[in-house]
Amino acid sequence: MRRRDMPEIRKDPVFGRWVIIASERGLRPNEFRAGGPDGAYTCPFCPGHENETPPSIYTLPAGDGGNWRLRVVLNKYPALAARGSDANVPDGMYDRMDGIGSHEVVIETPFHDRQFEEMSVREIADVFKTFILRVREMKKDPRIKYTMIFKNFGRNAGASLSHPHSQIIAMPIAPIRVAQEIDGAAAYMRRTGRCVFCDILRQEARHGKRVVGGNGDFLAVTPYASRFSFETWILPKKHESHFESMKPGSIRNLAVIVKSCMGKLRASMENFSYNLIVHTMPVQDPPAAHYHWHIEIMPKLSQAAGFEWGTGFYINTVSPEDAAKMMNAGKKYRS
Ligand SMILES: [Zn+2]
Ligand SMILES: [Zn+2]
């Protein structure tokens, strides 16, 4: 075993944030660097190329034609891997630990060009059902403290392959952003006795100016302090801290609202790039009254620049009220 090939997690001694050092990930192919579909590049996620990915962990068979309609594989260039221990190792004044965990890729469809908003409600529901299934499996390992489910689409959002896919990273610590969000929600509850997200749902539903979708189980809003133009959150109406505890009966309505939000976002922007992130409670924690899982979709009209990195605050050139108005009217924003 060549030790240097294993990912490692290092702690920043000032901020307390953890950084994954995974040099093998630098080797991963990049469709955009390779010159796109016209270049010598072929897509490893397309049917017929199954042997170019690690073997399937989970497959949904296709009803007719083709062999599969969804596959889950280990990431060939993982940010974290199964080997090692979750113990902190002092390194002089620093701390580090083995980069244990797992990094899975959900290949959402056999169709290379079928984006989320073009998929059927059933296909999108399959993707979310698969997330839940994989998270429930991952959390059986007590070393796993957090599972990050996310999707990058488009160059500005850091995607290296355009074939529709999402990723699940299981990690041995809760990331600092997640911890800050949960701490902030806990502080709100200490102050008011209520869940901040339940309060957001109540106020947004009442005002309506930032609502971009809704059904029996979910509400979609452009959040009050949107960091990105057209930032969109999808919140379950009923309080629940853990994504993977979602009732099976709600998954269809989740797929319906995700599809509709994606369609509205696509119609509102040219060069639609985005990150979609499932925000949820650390998997080993009990159900919490102060935290409420939700999905954040962050369109990337531009890449974050020095100001954002230097200050941690954002400049957003489209107010969430205007974004909601354009999304609901089907108007295209021209930057
Ligand atoms: Zn493909
Ligand atoms: Zn709540």
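Counting convention: from 1, in listed order, for ligands and their atoms alike. As the structure is a prediction and not an experimental result, all values here were calculated from the model.
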So, 2.8 Å as the limit: is an N/O/S atom of His239 located closer than that to the Zn ion (ligand 2)? yes
Note: Leu265 and Pro299 closest approach over all heavy atoms is CD2-CG, 4.1 Å
Of Arg177, Lys151, Arg227, the one forming a salt bridge (Lys or Arg N to Asp or Glu O under 4.0 Å) with Glu296 is Arg227
- Ion pair present between Arg136 and Glu244, side-chain N to carboxylate O less than 4.0 angstrom? no
The ND1(His292)-the Zn ion (ligand 2)-SG(Cys198) angle, to 10°, is 110°
Check Lys259 with Glu117, please: is the shortest side-chain N to carboxylate O separation under 4.0 Å? no
* Just wondering, is there an N, O or S atom on His49 that's nearer than 2.8 Å to the Zn ion (ligand 1)? -> no
Taking the Zn ion (ligand 1) as the apex, Cys43 SG and Cys46 SG span an angle, rounded to 10°, of 120°
Vertex the Zn ion (ligand 1), ends His112/ND1 and His163/ND1: angle to nearest 10° comes to 110°
Should Glu240 and Lys247 count as an ion pair when the cut-off is N to O under 4.0 Å?
yes
